[in-house]
Amino acid sequence: MDHRKWTMRKVLLFFCIGIVVFALLLQTFLFQQSLRRQIRTDSVENHELSLNKMQADIGSFIRNLKNEMLTIYNERDLIVGLREAMVSDVDMKEYYWRGWYFGRKRFTKDDQLLALYLYDVNDNLVSAYRHNSSTFPRDIYQAEYDMNTERVAEYVHSDRTDIMVSGYYNPREDRDVVRFVLKLHNYDEERAQIGSLICEIDSAALTSIMEKYVDVDQVLLWLQPAEDQVIAITGNASSNQQQIQEELAESIKEQYDDVELEEEYEDNYLIHVGQEDYNLDAYVLVSQSLLTAAQKSLTRSLLIIMAAMIVTIIAFVFLLSRWMTKPVEEMRDSIVRIKNGETELRVQPVGWSEELEVLGTEFNEMLDRIENMVQEEYRRKLLIERTEYKMLQAQINPHFLYNTLDTMSGIANAQNCTLVSGLCHSLSAIFRYSMNMTDELSTMQKEMAHVRNYLYVMDVRNGFSVAYDYQIDSDTMQDSLPRICIQPVVENAITHGLRNVRRKDKKLLIRSEHVNGNLVVTVQDNGIGMDAEDMNRQLEKNDLKRVESGVSIGILNVNARLKKLFGEEYGLRIESQMGEGTTVILTVPAIPLEDKEV
């Protein structure tokens with residue numbers, strides 16, 4: 001008795017403590033979510049501010065570089081030669097070393113110039129500067145390793161007038177190279193193009209600017225033009241961040257317009273800032289772990305407060321439970337006596353509250369009803385036990401059948417009986433798919449796999465006398481379908497449509513496609529045909545009593561399931577002409593399996 005009395009108080013104590021703990025945990029969780037969003041917002045704003053400053057510095061660097069490149073117009077005799085080469089075949093060999101002098105004279109050490117190429121309007125090399133002639137090609141259009149040449153040629157022969165910023169990896173130098181391409185024009189009304197100037201610098205020139213804005217670990221910062229490869233990257237990143245960065249960079253290069261930015265990527269988030277003057281975007285990948293330091297400190301404080309409140313609640317509830325549970329214990333003693341055989345005894349409604357009085361009164365009425373329900377409950381219990389036994393037995397029988405068929409398939413395969421092996425394997429797959437009803441919905445792909453297994457068995461049975469044509473649209477493979485709704489239609493076509501056809505060209509077509517937002521599956525045979533009007537009337541009537549009684553387990557069953565699951569406007573429809581064949585059209589909403597809750 002004392003043990004039960006203590007247990008009841010303990011339950012009340014735990015209940016009250018649980019509510020308090022739940023409320024505190026909920027408050028902590030909501031606070032953490034709010035704090036996390038605020039910290040992330042601040043972090044995004046700070047990084048965007050840093051990236052904007054960095055883009056301003058990089059823009060200034062590019063403008064200075066562009067100004068240095070524009071001084072090529074000061075080489076008047078060279079410009080005159082390019083103009084003449086534009087209209088006639090002029091020998092430009094005398095200008096070959098002009099690029100070397102130009103690169104040495106106009107570019108500083110901070111520019112980190114690696115190579116400079118000057119071409120006429122016909123892409124003929126005029127002059128070049130290379131800091132290392134063994135690692136940089138004499139002519140970029142003849143380089144074997146430069147994967148950026150086609151992009152340069154496309155820009156040079158386009159209508160663009162801005163400076164092109166791109167990049168490539170030089171395997172001989174083992175470094176990333178940033179390439180700037182500037183078109184040269186006549187300063188007249190027509191602005192005819194007379195050539196192009198290509199300037200290649202070490203990506204470290206940009207990296208040195210970027211490193212000013214990367215001051216924490218687990219941050220990865222890179223520059224990448226739209227639909228181009230990464231030209232500069234810096235930051236102390238984890239291997240996971242590097243992998244995410246490579247995937248994002250490839251997506252930006254291949255399909256820039258379709259890439260969704262500023263979203264979370266696993267435990268990281270991405271921030272993107274564009275460049276107003278040049279096609280050069282900046283991306284920074286930041287780890288979420290950087291945002292959790294402040295949250296941990298506040299969480300510890302909340303846990304300390306929660307522990308103090310729990311201790312206070314325990315003391316208060318312990319005293320309160322002693323006062324509240326006394327009348328309940330008296331009612332409990334009466335209930336125990338009734339349980340021990342004093343079935344005529346009734347509880348005396350006592351207590352300090354209306355609830356306890358109602359509890360005693362209702363309990364007495366319940367005892368009266370229980371006496372009338374004992375026999376009925378006993379019968380129900382026996383029925384449930386028999387049902388559970390049959391369910392367990394029903395699970396074992398198919399499992400034994402699966403294993404037996406798999407064993408037969410293995411033995412037949414070992415004995416080189418491929419036909420028997422394939423037949424056993426297909427039967428096992430058919431039974432497994434048919435018996436597995438854990439989910440009422442499947443996919444078009446799984447349904448077709450089930451149909452193919454069935455048709456293989458029928459081919460073995462009928463001597464491969466039917467030619468099958470599958471026209472399955474790949475977009476429909478993941479659409480949802482009720483389990484086993486195509487195979488009964490196919491079975492009906494083979495059993496009733498093609499069985500009595502004597503000609504050798506028996507054909508069966510299975511097609512799936514999307515039509516007006518619906519998945520339409522067509523099963524067509526060239527058999528004897530049928531009375532389509534009568535069958536369509538039965539399908540429209542959808543007599544559930546006939547289906548539930550087991551009179552029809554074929555297309556009427558399939559039609560009833562489709563209408564029950566998707567609505568009266570969906571289901572089966574039949575088109576047929578006697579002697580020419582039958583077409584069964586199955587229509588359901590086109591819903592991918594992952595959206596089946598819709």
Side-chain angles (χ1 to χ4, degrees), residues 42-69 107-115 148 162-170 173-181 199-253 256 259 261-262 265 268-291:
D42 294 341
S43 176
V44 171
E45 291 178 353
N46 291 335
H47 280 95
E48 286 181 346
L49 180 61
S50 298
L51 289 180
N52 283 320
K53 292 180 179 179
M54 183 195 73
Q55 286 285 48
D57 287 351
I58 292 176
S60 177
F61 175 84
I62 296 176
R63 281 190 293 273
N64 292 335
L65 188 67
K66 180 180 179 182
N67 291 334
E68 293 171 352
M69 296 174 68
F107 292 87
T108 65
K109 182 178 180 181
D110 293 336
D111 295 330
Q112 300 192 42
L113 180 66
L114 299 177
N148 186 254
D162 60 327
I163 186 172
M164 174 186 175
V165 183
S166 186
Y168 71 98
Y169 173 72
N170 189 324
E173 279 280 330
D174 190 21
R175 73 171 80 190
D176 291 322
V177 178
V178 182
R179 175 173 282 165
F180 298 89
V181 184
C199 179
E200 298 186 354
I201 68 169
D202 192 342
S203 64
L206 297 180
T207 304
S208 62
I209 299 176
M210 297 163 58
E211 288 176 349
K212 300 176 184 178
Y213 302 90
V214 180
D215 55 358
V216 292
D217 292 338
Q218 299 179 339
V219 168
L220 195 59
L221 173 63
W222 77 93
L223 296 176
Q224 184 175 4
E227 299 181 354
D228 204 340
Q229 65 185 29
V230 176
I231 65 172
I233 186 169
T234 186
N236 185 12
S238 63
S239 58
N240 182 43
Q241 283 182 307
Q242 293 176 356
Q243 181 179 357
I244 295 174
Q245 185 273 329
E246 292 174 359
E247 295 175 356
L248 285 172
E250 188 65 24
S251 299
I252 294 170
K253 178 181 178 182
Y256 175 77
V259 178
L261 303 177
E262 297 189 10
Y265 297 89
N268 305 272
Y269 64 93
L270 180 70
I271 301 174
H272 162 237
V273 172
Q275 173 65 254
E276 295 182 359
D277 300 326
Y278 307 103
N279 177 29
L280 189 59
D281 295 341
Y283 304 87
V284 61
L285 194 63
V286 184
S287 174
Q288 295 279 12
S289 61
L290 298 176
L291 310 180

Chemist: Tell me yes or no: between the side chains of Y168 and E200, is some donor less than 3.5 Å from an acceptor?
Modeler: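 Result is yes, a qualifying pair exists.
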Chemist: So, D228 and K253, do they make that salt bridge, N to O below 4.0 Å?
Modeler: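 Here D228 does not pair with K253 in a salt bridge, since their nearest N and O are not under 4.0 Å apart.
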Chemist: Between D111 and T108, is any side-chain donor less than 3.5 angstrom from a side-chain acceptor?
Modeler: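 Present: a donor and an acceptor within the cut-off.
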Chemist: Side chains of E227 and I252, heavy atoms from C-beta outward: is any pair under 4.5 Å?
Modeler: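 The answer is no, as the side chains (C-beta and beyond) never meet within the 4.5 Å cut-off.
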Chemist: Is there a side-chain contact between D281 and P225 (heavy atoms, below 4.5 Å)?
Modeler: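 They are not in side-chain contact.
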Chemist: Check L221, L220, V219 against L285 for a side-chain contact (heavy atoms from CB on, under 4.5 Å) and give me the one that passes.
Modeler: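 Considering L221, L220, V219, a side-chain contact (heavy atoms from CB on, under 4.5 Å) with L285 is found only for L220.
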Chemist: Looking only at atom types and distance, does a side-chain atom of E48 sit under 3.5 Å from a main-chain N or O of V273, one as donor and one as acceptor?
Modeler: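 Checked: no pair found.
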Chemist: Tell me which pairs pass ring-ring contact (aromatic ring centres under 6.0 Å, His included) where either residue lies in residues 220-252, with sequence neighbours left out.
Modeler: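 Non-adjacent pairs meeting ring-ring contact (aromatic ring centres under 6.0 Å, His included): W222-Y283.
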Chemist: Starting from the C-alpha separation in whole Å, work towards a yes-or-no answer on side-chain contact (heavy atoms from CB on, under 4.5 Å) for M54 and K212.
Modeler: CA-CA 8 Å; M54 183 195 73; K212 300 176 184 178; over 6 Å; no
Chemist: Determine, step by step, whether K66 and F180 satisfy the side-chain contact (heavy atoms from CB on, under 4.5 Å) criterion, reporting the C-alpha distance in whole Å, the side-chain angles of both residues, the deciding distance to 0.1 Å, and the verdict.
Modeler: CA-CA 8 Å; K66 180 180 179 182; F180 298 89; over 6 Å; no
Chemist: Does N46 have any side chain to side chain donor-acceptor pair (under 3.5 Å) partners at least two apart in sequence or in another chain, and if so, which?
Modeler: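 In terms of side chain to side chain donor-acceptor pair (under 3.5 Å), with neighbours along the sequence ignored, N46 is linked to no residue.
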Chemist: Going from CD on Q242 to CD on E247, what distance comes out if it is rounded to the nearest 0.5 angstrom?
Modeler: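 Atom-to-atom, Q242:CD and E247:CD are 12.5 Å apart.
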Chemist: Hey, what do you get for CZ (R175) to OH (Y169), rounding to the nearest 0.5 Å?
Modeler: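 So the CZ of R175 and the OH of Y169 are separated by 10.5 Å.
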Chemist: Between I271 and L51, does a side-chain contact (heavy atoms from CB on, under 4.5 Å) hold up when you go through it step by step?
Modeler: CA-CA 9 Å; I271 301 174; L51 289 180; 4.1 Å; yes
Chemist: How long is the gap from CG on L270 to NE2 on H47, to the nearest 0.5 Å?
Modeler: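 Answer for the CG-NE2 pair, L270 versus H47, is 11.0 Å.
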Chemist: Quick check for you: to the nearest 0.5 Å, what is the distance between L113 atom CG and L65 atom CG?
Modeler: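 The CG atom of L65 is 8.0 Å from CG of L113, to the nearest 0.5 Å.
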Chemist: Would you please test F61 and I201 for side-chain contact (heavy atoms from CB on, under 4.5 Å) and show each step?
Modeler: CA-CA 12 Å; F61 175 84; I201 68 169; 3.6 Å; yes
Chemist: Taking the side chain as everything from C-beta on, heavy atoms only, tell me whether V284 gets closer than 4.5 Å to Y269.
Modeler: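 They are not in contact (no side-chain heavy atoms under 4.5 Å apart), so the answer is no.
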Chemist: Got L280 and Q224 here, is their nearest side-chain heavy-atom distance under 4.5 Å?
Modeler: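 Side-chain contact under 4.5 Å: no.
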Chemist: Can you name the residues that form a side chain to side chain donor-acceptor pair (under 3.5 Å) with D176, not counting sequence neighbours?
Modeler: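 Scan of D176 (side chain to side chain donor-acceptor pair (under 3.5 Å), adjacent residues dropped) gives none.
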Chemist: Given side chains that start at C-beta, do those of V181 and I163 come closer than 4.5 Å, heavy atoms only?
Modeler: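 V181 does not reach I163 side chain to side chain.
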Chemist: If you look at every heavy atom in V286 and Q241, which pair is closest and at what distance?
Modeler: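 Closest approach of V286 to Q241, heavy atoms only: C-NE2, 3.9 Å.
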Chemist: My understanding is that only residues two or more places apart in sequence, or in another chain, count here; which of them pass side chain to side chain donor-acceptor pair (under 3.5 Å) with D162?
Modeler: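 Scan of D162 (side chain to side chain donor-acceptor pair (under 3.5 Å), adjacent residues dropped) gives R160.
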Chemist: Just how far is it from atom CD1 of I209 to atom CD of Q55, taken to the nearest 0.5 Å?
Modeler: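 Separation between the atoms: 10.5 Å.
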Chemist: Do D202 and V177 have side-chain heavy atoms sitting under 4.5 Å apart?
Modeler: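 When only atoms from C-beta onward are counted, V177 and D202 do not touch, as no gap falls below 4.5 Å.
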Chemist: Any non-hydrogen side-chain atom of N148 less than 4.5 Å from a side-chain atom of S166?
Modeler: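 A side-chain contact exists here, since the closest heavy-atom pair is under 4.5 Å.
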Chemist: Is any side-chain heavy atom of N279 closer than 4.5 Å to one of M164?
Modeler: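 A side-chain contact under 4.5 Å is absent here.
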Chemist: Quick one: list whatever passes side chain to side chain contact (heavy atoms under 4.5 Å, CB included) with E246, sequence neighbours left out.
Modeler: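 Scan of E246 (side chain to side chain contact (heavy atoms under 4.5 Å, CB included), adjacent residues dropped) gives none.
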Chemist: How far does CE of M210 sit from OG of S203, to the nearest 0.5 angstrom?
Modeler: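 The distance works out to 9.0 Å.
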Chemist: Looking at residues at least two apart in the chain, or sitting in another chain, which of them share a side chain to side chain donor-acceptor pair (under 3.5 Å) with Y278?
Modeler: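 Side chain to side chain donor-acceptor pair (under 3.5 Å) check on Y278 returns nothing, list empty.
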Chemist: What's the shortest heavy-atom distance between A204 and Q112, and which atoms?
Modeler: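 The pair with the smallest heavy-atom distance is CB-OE1, 3.7 Å.
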